[in-house]
Amino acid sequence: MSIDVSATFVFQGGEGSYTEIAVRELVGPRGAATGLATYADVVDAVTSGRARYGVLPVEHSVVGTLQDAYDLLASGEVVPVAELVGRVVHCLVAPRGASPSTLREVLSHPVALAQCDGLLNRLPGARAVAFSDPALAAAEVARAAEVSRGAIASRAAAAALGLEVLEEDVADHGASLTRYLVVEQAPRPGVAPSTRLRAGAAQKTLVSLSPDAKGGGVAAVLGELAQGGVRVEKLVSRPRPGVSWEDVLYVELEGARDDAAVAPALERVRGRCSWFRVLGSFERATTEAREPIVPAPEAPREVRDAPPLPPAARNYPRAARQARSEPTVVRVGDVELGGDTFVVAAGPCSVESAEQIDGVAEHVRRAGARLLRGGVFKPRTNPYSFQGLGYEGLRIMKSAGERFGLPIVTEVMAPSQVDPVAAVADMLQIGARNMQNFDLLRAVGRTHRPVLLKRGLAGTLDELLAAAEYILSEGNQAVVLCERGIRTFETATRNTLDLSAVPVLRERTHLPVVVDPSHGVGVRRWIRPLCRAAKVVGAHGILIEVHPDPPRSVSDAEQALSYDDFTRIMGDLSELGGDAVFSV
Ligand code: PEP
Ligand code: MN
């Protein structure tokens with residue numbers, strides 16, 4: 001095994017638990033291994049650096065998949081670096097003086113009890129009593145010290161507690177196995193994992209993914225792997241955080257992530273997913289003697305096996321057009337961005353009150369908008385200006401969106417806002433001022449919410465795509481780019497709306513592109529022609545600001561559109577050719 005067995009290990013379980021036995025077998029009698037109360041404690045000890053490795057059970061040969069570990073791996077804070085298999089040998093244990101005929105109660109975990117039906121039938125005077133854990137059941141029996149109470153637990157638990165083993169190996173089908181993943185802290189971005197795979201050893205890779213709206217679903221994902229000659233060993237499906245009725249699929253496959261067959265197949269799979277993350281490659285568990293450990297030096301990680309890229313695209317291999325066979329379609333609630341339908345997102349610059357957002361939502365929905373925009377955390381030039389209603393604003397915006405059937409998009413300004421906002425909003429906006437806030441980009445990259453990424457005031461298109469790459473690299477493949485005007489020498493308009501960005505981006509990337517003429521020109525009466533123009537140059541949609549009483553808007557009043565302005569714009573867009581996105 002390629003991990004350092006002299007390092008500190010943590011696991012869930014007490015003395016004599018089956019996990020402890022497996023870990024002790026790995027680290028040796030003098031190894032550093034500590035049992036903790038919960039799996040979350042294990043992950044916490046590893047991410048805080050108190051322990052180098054954590055041991056999480058993922059599968060039992062009789063019970064099947066153990067889901068808790070997968071949900072903990074979903075956070076990406078820890079990565080699998082090794083696999084461990086432990087034997088479960090159930091024994092009937094009891095205090096000194098007890099015998100099978102004196103027992104009236106046998107305590108253990110319900111799964112252990114179910115595995116020992118034959119034994120329990122042979123003990124006619126005893127009834128099974130469910131307990132949280134076999135080792136804790138043994139501890140309870142030792143504490144009570146009554147000949148009428150026994151437990152099903154390990155031999156090690158009996159020895160540690162001074163209990164007798166009345167019968168050994170009592171499970172109906174003999175010993176069973178538990179498979180564990182040894183995890184360590186996720187490597188820092190751009191740094192190679194500190195645990196290196198041994199050349200020549202059999203490897204496995206664990207990937208988490210969600211197929212996207214257009215990618216052909218699970219069948220297509222598995223088809224890519226099969227076609228690439230990659231053998232899938234296990235599939236686990238878990239609810240996708242925050243997205244009802246969608247799943248994250250955990251795919252365990254044969255081979256390491258960099259193998260000649262695996263790497264290109266995984267890139268093709270990524271191209272069919274709205275979420276994709278390689279959790280790690282690790283050595284398959286073996287019963288052979290362990291070899292000494294070689295801690296790997298830290299080295300920059302390179303992206304390998306990417307398709308051939310033009311030189312400009314070297315900073316964004318996943319965002320580049322070449323990375324996907326089809327353009328990406330991003331689903332926001334029931335709305336698709338990047339397909340054939342031109343999508344209008346509208347709403348106030350800032351959420352100001354329930355009355356205001358309800359009024360806007362009702363009007364824009366009736367006029368044909370599909371998404372409701374509105375800021376609750378506002379990036380303002382002047383620190384004394386209105387800064388947004390925060391989470392209260394988010395709540396009232398969400399209820400307006402639900403009432404009028406509009407998924408909501410709102411800006412996050414800090415990594416700490418990402419999870420709480422993602423729990424409510426349908427799409428997260430990264431504002432122009434944060435296009436290169438790399439911590440924020442990574443944070444939204446770890447969520448399962450689609451992201452609207454705005455171009456920075458002085459960001460080149462290649463820098464915008466490299467910013468998108470930050471998000472994609474963390475797992476979230478659902479990114480929509482937004483041209484919202486850049487700083488130039490021109491002062492007549494608030495910014496210079498760079499409509500040439502649209503055909504350029506549509507050539508360079510598979511990601512959808514929308515245009516925000518409101519911030520682009522910043523003057524109400526010039527927005528309407530630019531909405532038309534955005535559609536004509538091939539944008540997949542527009543983002544515009546609408547207010548029930550434009551001059552009274554608390555932010556960006558000069559560019560706020562009235563309901564009538566908005567209705568006229570929607571009329572223009574439908575005149576241009578129904579809902580279709582123009583090809584470029
Ligand atoms: C906004 O959309 O309200 C906003 C602040 O936009 P930008 O980040 O493009 O200035
Ligand atoms: Mn604004």
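Just so you know, these numbers come straight off a predicted model, no measurement behind them. We count ligands from 1, going down the list as the structure has it; atoms in each ligand are counted the same way.
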Does ligand 1 come near enough to [X] that some N or O of the ligand is less than 3.5 Å from an N or O of the residue?
| X | answer |
| --- | --- |
| Arg433 | yes |
| Gly431 | no |
| Arg373 | yes |

For ligand 1, is there an atom lying under 4.0 Å from some heavy atom of Glu411?
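It does, in that a heavy atom of Glu411 comes within the 4.0 Å cut-off of ligand 1.
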
Walk me through it: do Arg455 and Glu463 pass the test salt bridge (Lys or Arg N to Asp or Glu O under 4.0 Å)?
CA-CA 9 Å; Arg455 181 179 182 185; Glu463 285 164 349; over 6 Å; no

Among the N, O or S atoms of [X], the one nearest the Mn ion (ligand 2):
| X | answer |
| --- | --- |
| Glu545 | OE2 |
| His519 | NE2 |
| Asp556 | OD2 |

Quick one: look up the protein heavy atom nearest [atom] and list residue, atom name and how far away it is.
| atom | answer |
| --- | --- |
| atom 9 (O) of ligand 1 | Arg484 NE, 2.6 Å |
| atom 8 (O) of ligand 1 | Ala432 N, 2.7 Å |
| atom 6 (O) of ligand 1 | Lys454 NZ, 2.8 Å |

Working note: Asp247 + Arg240, criterion side chain to side chain contact (heavy atoms under 4.5 Å, CB included); need CA distance, chi angles, decisive distance, verdict.
CA-CA 5 Å; Asp247 280 357; Arg240 191 166 179 191; 5.7 Å; no

